[in-house]
Protein chains: 2
Amino acid sequence: MSTATPPLRLEPFKVACSNCNLRELCLPVGMSNDQLLKLDTLVSTRRTVQRGDTLFRSGEAFQSLYAVRTGFFKTCVASEDGRDQVTGFQMAGELLGLDGIGTERHTCDAVALEDSQVCIIPFHQLEDLSREVSDLQRQFHRIMSREIVRDHGVMLLLGSMRAEERLAAFLLNLTQRLQSRGFSASELILRMTREEIGSYLGLKLETVSRTFSKFQDEGFLEVKQRQIRILDQDGLQRLVNGANC
Amino acid sequence: MSTATPPLRLEPFKVACSNCNLRELCLPVGMSNDQLLKLDTLVSTRRTVQRGDTLFRSGEAFQSLYAVRTGFFKTCVASEDGRDQVTGFQMAGELLGLDGIGTERHTCDAVALEDSQVCIIPFHQLEDLSREVSDLQRQFHRIMSREIVRDHGVMLLLGSMRAEERLAAFLLNLTQRLQSRGFSASELILRMTREEIGSYLGLKLETVSRTFSKFQDEGFLEVKQRQIRILDQDGLQRLVNGANC
DNA sequence: CGCTGTGTTGAAGGATGTCAATTACCGTGG
DNA sequence: CCACGGTAATTGACATCCTTCAACACAGCG
């Protein structure tokens with residue numbers, strides 16, 4: 001009771017990358033079974049994060065990366081004057097904490113948007129192992145690079161797209177990631193509020209809501225609060241590509 | 001004459017990280033002399049890029065990272081429909097090409113904004129060496145992580161700041177980086193057009209121009225085309241922090 | 001069953017974009 | 001050295017998209 005300030009739930013059992021159904025999406029990609037066993041020794045702990053709780057906060061010392069095992073997160077950065085910006089949404093198989101490597105401090109908050117579980121990846125041990133296992137090294141570099149590419153895509157979105165295009169791109173991106181995790185390509189439940197979507201897309205929540213309604217009126221979507229059914233994926237794709245201009 | 005399609009200028013002489021005046025800003029940070037000698041064997045070639053020429057283009061095979069030795073670059077991504085977005089400006093000591101690691105293809109264009117020189121860093125050799133030299137590994141990871149953090153900062157800017165705040169933040173960032181390279185904190189010459197600034201900041205060139213004029217009227221800057229003199233750095237900083245709201 | 005957080009919708013205003021005219025600058029060639 | 005042409009930058013007037021403010025609806029939960 002009197003130990004850690006935030007009451008962590010650690011689960012030191014049954015954790016093994018070698019046996020994880022996310023291994024085709026996560027850090028283990030491209031590794032042999034032998035190599036995976038080495039990774040298992042490193043990734044030995046999970047942590048449960050309740051909906052609304054933070055996995056880490058900006059300013060905290062950086063120790064580990066986290067792989068989302070189940071659930072859904074957002075990351076957000078804050079400027080000095082209190083504005084904040086959602087920089088991403090993370091789902092199963094995606095890594096959290098890469099921002100902390102550079103300064104040994106986290107530079108954003110990671111908040112669970114539903115009850116979630118993450119695997120803890122002690123970073124310095126990961127660096128050690130990736131000096132031995134070049135396939136691990138390669139995959140880790142790929143993941144970081146892809147994060148940079150993703151960020152560039154968000155910049156493109158924020159810098160040059162209009163509200164409809166932004167929301168369409170956002171939805172297509174979400175469904176694509178869900179689909180590669182075995183979920184439906186056409187039905188999804190949003191785990192975030194309109195405000196969080198708006199923050200990510202550089203829009204106000206009212207604009208997000210209006211745009212959802214517009215998409216519904218135009219037959220692209222069926223929207224019931226956070227339940228979304230995509231009726232015309234191609235239409236959304238055309239929107240993103242600016243075919244309406 | 002009939003060799004390479006883009007006429008590359010390679011300069012295989014006199015290249016040595018161990019002896020480079022940028023080593024406190026670049027990949028060698030934190031490495032011992034012994035380690036630097038190993039890095040020298042890897043980074044043995046430079047390339048000259050004329051103003052307006054591209055160092056690499058989106059879609060090209062990724063082989064190497066590039067460290068800016070002299071000059072100035074922009075990177076831009078393009079969407080399918082031709083819109084494009086400047087994702088960054090790079091100056092001496094900064095790395096180009098990190099986006100290409102994930103897919104083995106470059107995902108953006110890198111264009112020299114003035115006559116420039118880069119050091120070529122063959123990436124797979126860098127991976128090999130960074131498995132031997134943990135200080136190199138660590139610095140490389142730091143650099144990638146900081147790029148992610150930088151991108152998050154740009155998202156914050158694009159997603160939640162108004163035109164004046166964006167331009168002020170941009171100018172402060174530029175001068176800070178120039179200052180850490182030994183240049184004046186108050187005088188700078190912009191190497192990019194208003195349109196390129198606008199693309200980076202998610203604004204139209206006219207808005208950039210108007211905002212420069214406004215800053216001049218309000219006594220923050222002296223603007224003569226691309227020559228900028230900063231008269232009130234604190235005022236700009238206050239703008240960024242939203243003190244005027 | 002009412003409270004609270006979330007989402008929707010309308011009307012009005014404001015910041016930025018668009019279009020167009022003018023000016024400044026720079027390299028080139030007379 | 002100066003004239004010229006083309007690119008870049010500035011500025012104004014107007015249009016548009018998004019935000020702001022406000023009222024209301026809905027859902028989940030004590």
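These values consider heavy atoms only, across backbone and side chains, with no hydrogens, waters or symmetry-generated copies. A note on names: the letters A, B, ... follow the listed sequences, proteins ahead of strands, and every chain is numbered from 1.
The distance from atom CG of B:L205 to atom P of D:dT10 is 10 Å, rounded to the nearest whole Å. Here the C1' atom of nucleotide D:dC17 and the CZ atom of A:R162 are 8 Å apart, to the nearest Å. Whole-Å rounding puts the A:K224 NZ to D:dA25 P distance at 20 Å. Atom CG in B:L203 sits about 15 Å away from atom P in D:dA9, given to the nearest Å. What separates CZ of A:R210 from P of D:dC18 is a distance of 11 Å, to the nearest Å. In this entry the distance linking NZ of B:K214 with C1' of D:dA9 reads 19 Å, nearest Å. A straight line from CD of B:E195 to P of D:dA9 spans 9 Å, rounded to a whole angstrom. To the nearest angstrom, P of D:dT10 lies 9 Å from CD1 of B:I197.
Note that OG1 of B:T48 and CZ of B:R69 are 11.0 Å apart. Values are rounded to the nearest 0.5 Å. In this structure, CZ in A:F212 is found 5.0 Å from CG in A:L171, a value given to the nearest 0.5 Å. Taken from OG in A:S199 to CE in B:M155, the straight-line distance is 11.0 Å, to the nearest 0.5 Å. One finds the NE2 atom of B:H152 at 4.0 Å from the CG atom of A:D151 (value rounded to the nearest 0.5 Å).
Put simply, A:T207 has a side-chain N or O that comes within less than 4.0 Å of OP1 or OP2 on D:dT19. Put simply, A:R226 has a side-chain N or O that comes within less than 4.0 Å of OP1 or OP2 on C:dG7. Between D:dT11 and B:S213, a contact under 4.0 Å exists linking OP1 or OP2 to a side-chain N or O.
Residue B:S209 places its side chain closer to D:dT11 than to any other of C:dA15, D:dT11, D:dC18.
Looking at heavy-atom distances under 4.0 Å, A:G202 makes contact with sugar-phosphate atoms alone, never a base.
More than 12 heavy atoms of other residues, nucleotides or ligands shown are found within 6.0 angstrom of CZ on A:R181.
Under the salt bridge (Lys or Arg N to Asp or Glu O under 4.0 Å) test applied with A:E114, the options A:R226, A:R191, A:K74 reduce to a single match, A:R191. The side chain to side chain donor-acceptor pair (under 3.5 Å) test with B:D99 is passed by exactly one of B:T87, B:T107, B:T75: B:T107.
An angle of 30°, rounded to 10°, separates the two end axes of the helix from C:dC1-D:dG30 to C:dG30-D:dC1, each defined over five pairs.
Each of A:E206 and B:R194 was matched to the nucleotide of DNA chain D holding its nearest heavy atom; the match closer to the 5' end belongs to B:R194.
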